[in-house]
Amino acid sequence: MRGFGAFLGKELRETVHTWRIWVLPAFILFSALSSPLITFLMPTLVDRLGGMPQGFAISVPDPTALAAYVEYLGNLGELVMFALVIAYGGIVSSEVRSGTAALALSKPLSRGAFVLAKWLSQLLVVAVAAAVATAVCIGLTTVLLGVGPAQATVAAVALWFVYAMVILSAMVLLSAVLPAPAAAAGAGIGVYASFAILAQFEATSRLTPAGLMPAAQAVLNGEPAHWQAPVATGIAVSAACLGAAVWRFTRREI
Amino acid sequence: MPLIAASVSLGSPLVVALLAVLAVVELGLLAWALLDLARRPAGKVAGGSRLLWLLLCVFVQLLGPVLYLVVGRMREAPRQVPPPQAPGGDGHVARAAAALYDAAGRHPRAPADGAPADLIATTEGSGPAVELIGVRKVFRTAAALDGLSLSVPEGSVFGFLGPNGAGKTTTLRILAGLARPTSGEARVLGHDVAGAGGDVRAVVGFLPDVPAFYKWMTAPQYLRFAGNLFGLRGEALEARVAALLDLAGLAGVDTRIGGFSRGMKQRLGVAQALVNAPRLLLLDEPTSALDPIGRREVLDMIAALRGRTTVFFSTHILADVERVCDTVAIIDNGRVVAHAPIDELRRRRGGLSRLAVEVDEPQRLAPALEGAAWLRAIEVVDDGGLRLATVDLVAALRVLPALIARLGLALRRLESDELSLEDVFVDLVEGERR
């Protein structure tokens with residue numbers, strides 16, 4: 001892991017200095033702001049739309065803090081995940097393609113450190129963005145809709161974070177294997193879709209990382225949640241993805 | 001919030017339509033502001049804080065983006081890139097390169113780096129700096145290197161010559177640890193490159209043919225980053241960075257690398273390759289992107305490093321090799337076709353010397369020379385002179401002036417015209433292909 005600290009520092013500075021800072025954090029923050037606002041305004045908007053035929057009416061339940069948090073979690077699980085997959089299609093390969101990896105890796109920087117520093121830096125970005133956005137979401141929801149299950153929301157977002165870690169690790173592996181970022185992003189969408197399908201089945205939802213989002217929704221709704229096995233397998237799958245990514249990248253010619 | 005206020009006044013389809021237009025305008029302004037913020041350096045934003053403007057744009061709807069677009073963006077000043085600070089001829093670059101090694105005590109890395117002692121210590125004369133033994137490199141079905149073998153003594157300046165596609169860059173990538181040979185062995189300072197990994201790379205400096213940098217960094221930032229990868233820290237690193245910026249003529253340049261010319265990038269590339277004061281400096285076409293002054297400076301620098309480190313540089317510019325190299329290898333089709341000190345190479349190619357002769361009536365001199373024992377060939381050149389190939393230069397120089405005088409001709413020029421490396425190169429490469 002030679003050069004890990006130096007390269008991690010570069011990755012974090014790069015996140016702040018380039019477009020990367022704007023993508024995921026912006027999406028996460030947008031979800032945090034829009035979810036309570038839309039929940040709060042939805043009945044008014046529907047009510048004022050008018051134009052419905054005689055005898056028809058759209059029934060919208062009263063907005064609640066819980067509904068805002070459910071909306072926020074839904075956005076994290078869909079909108080933000082798509083952004084993550086697309087933004088990190090070239091997380092490893094883009095430096096190889098641009099030639100910057102050749103200069104860095106001709107120095108005593110190990111291939112493993114190169115891959116893991118990229119993974120950890122982006123995981124930190126997601127963690128910080130999610131923490132800030134969740135705080136913003138809870139604050140705005142409390143102002144607009146009153147006190148809600150904030151603690152359960154934090155727990156649900158923590159489960160979402162494990163899911164994000166799994167997807168990020170898969171993207172690191174795909175980007176180490178596939179030289180084209182678009183191909184890696186396409187494969188990443190396939191991974192995401194596979195998890196969505198696996199989440200529909202009881203067994204796979206209980207035992208694999210595919211169950212992380214259903215578990216997060218259950219935690220938020222105050223229902224019994226089977227989160228232990230998905231978290232454990234999620235961490236294991238992440239570790240396996242990273243191990244495979246390092247192994248593949250170590251053998252790759254730059 | 002403007003959106004909340006607007007929603008209160010809803011009541012008709014017209015108002016809904018207006019609200020939709022407002023939303024589009026708002027989102028458009030927000031996107032424009034965020035894109036501009038993402039592209040703009042922190043120094044070009046009013047107040048210097050992009051994060052603050054981001055929060056303002058996101059939280060204060062409509063007004064935030066408008067404020068940013070109107071007052072937050074500072075006008076771009078014309079880019080001021082100082083010219084290189086040592087416009088050639090004064091030996092500045094060569095002195096700076098030599099001083100770099102002297103300051104580093106000829107120890108390539110800081111003690112904290114943990115490289116094996118045999119790699120940190122200088123071991124001139126103890127063995128070759130580079131050794132390639134039957135290296136083959138196959139890409140799919142094509143062999144880029146076909147049993148390449150050569151040895152480079154430590155402390156020498158070694159020219160690696162070959163036409164395009166001969167395998168020069170592939171060889172350098174293998175030596176830099178970026179590629180692996182399909183078969184054979186590549187050894188640097190006595191260690192197998194593939195096996196030793198970071199230990200070998202810790203004492204090697206590498207400049208690829210087209211160096212690519214992180215565009216958002218400045219030159220000092222990149223050199224600090226490179227130094228950090230070698231374990232350099234604190235004052236030692238800052239002193240090294242300052243010396244290298246001076247060497248590269250980039251001191252005082254605070255522009256991001258994305259705005260550099262190709263020549264500036266090449267000079268920065270040379271500087272980053274020297275950040276660890278390497279025991280082996282691998283340079284792939286180091287002068288290809290430089291103007292004549294920059295090229296001369298880099299060649300002076302390479303010459304100044306003779307004896308301080310081993311320089312292995314590839315090029316197809318023969319004049320550069322003739323100017324600074326002790327020894328050359330010429331490769332073609334992935335194989336070495338010649339490997340020797342330059343003088344020996346010239347001698348080996350036929351043992352001929354050349355003479356350029358200019359007289360007022362060359363057509364009278366040419367027949368008079370026929371049959372001379374020292375003469376191998378005569379060529380009448382366009383400007384009225386003669387080009388002679390001789391096996392005995394001394395005899396030719398003795399005989400020719402007397403013969404010209406006897407014929408009553410006026411001697412304008414008599415000059416030894418040595419076989420150039422270009423002649424050797426073309427001869428060898430074409431001979432190999434035949």
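Atom set for the values below is all heavy atoms of this structure, side chains included, hydrogens, waters and symmetry mates excluded.
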A.B. asks: Give, for atom CG of B/Leu30 and atom CZ of A/Phe30, the distance between the pair rounded to the nearest 0.5 Å.
C.D. replies: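 Interatomic distance, B/Leu30 CG to A/Phe30 CZ, rounded to 0.5 Å: 8.5 Å.
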A.B. asks: Tell me whether the guanidinium CZ or amine NZ of A/Lys10 lies under 6.0 angstrom from the six-membered ring centre of B/Tyr214 and within 45° of its axis.
C.D. replies: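 Yes; both conditions hold, so A/Lys10 lies above the ring face of B/Tyr214.
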A.B. asks: Could you look at A/Arg111 and say if it's the side chain, the backbone, both or neither that has a heavy atom under 4.5 Å from chain B?
C.D. replies: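 Only the side chain of A/Arg111 comes within 4.5 Å of chain B.
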A.B. asks: Side chain from CB out, backbone as N, CA, C, O: work out which of these in B/Arg173 comes under 4.5 Å of a heavy atom of chain A, or both, or neither.
C.D. replies: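 When you check distances to chain A, only side chain atoms of B/Arg173 fall under 4.5 Å.
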A.B. asks: Of all heavy-atom pairs between A/Pro108 and B/Gly198, which one has the smallest distance, and what is that distance?
C.D. replies: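 Distance-wise, the nearest heavy atoms are CB-O, 3.6 Å.
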A.B. asks: Side chains of B/Pro211 and A/Leu103: closer than 4.5 Å at any heavy-atom pair?
C.D. replies: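 They are in side-chain contact.
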A.B. asks: Which answer fits A/Ser110, side chain, backbone, both or neither, if we ask what part of it has an atom under 4.5 Å from a heavy atom of chain B?
C.D. replies: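 For A/Ser110, backbone heavy atoms alone lie under 4.5 Å from chain B.
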A.B. asks: Relative to chain B, which segment of A/Ala113 carries a heavy atom at a distance below 4.5 Å: side chain, backbone, both, or neither?
C.D. replies: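 When you check distances to chain B, no heavy atom of A/Ala113 falls under 4.5 Å.
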A.B. asks: Is there a side-chain contact between B/Ile174 and A/Glu253, using heavy atoms and a 4.5 Å cut-off?
C.D. replies: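 Counting from C-beta outward, B/Ile174 and A/Glu253 never come under 4.5 Å.
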A.B. asks: Please look at B/Ala273 and chain A and tell me whether the side chain, the backbone, both or neither of the residue comes under 4.5 angstrom of a heavy atom of that chain.
C.D. replies: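 No part of B/Ala273 comes within 4.5 Å of chain A.
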A.B. asks: Using non-hydrogen atoms only, which part of B/Gln272 is less than 4.5 Å away from chain A: side chain, backbone, both, or neither?
C.D. replies: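 Its backbone and side chain both get close to chain A.
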A.B. asks: For chain B, find which of A/Ser98, A/Ala102, A/Gly9, A/Ala101 contributes the most heavy-atom pairs closer than 4.5 angstrom.
C.D. replies: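 That would be A/Ala102.
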A.B. asks: Among pairs that include at least one residue of residues 214-227 of chain B, which meet salt bridge (charged side-chain N to carboxylate O under 4.0 Å, His left out), considering only residues two or more places apart or in two chains?
C.D. replies: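 Qualifying pairs, neighbours excluded: B/Arg224-B/Glu238.
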A.B. asks: Can you name the closest pair of heavy atoms from A/Leu109 and B/Arg201 and give their distance?
C.D. replies: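 What the structure gives for the nearest pair is O-NH2, 3.2 Å.
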A.B. asks: Between A/Glu14 and B/Met217, is any pair of side-chain heavy atoms under 4.5 Å apart?
C.D. replies: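 Answer no - side chains too far apart.
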A.B. asks: Relative to each other, are the rings of A/His17 and B/Trp216 parallel, tilted or perpendicular (30° and 60° limits)?
C.D. replies: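 Because their plane-to-plane angle is under 30°, the rings of A/His17 and B/Trp216 count as parallel.
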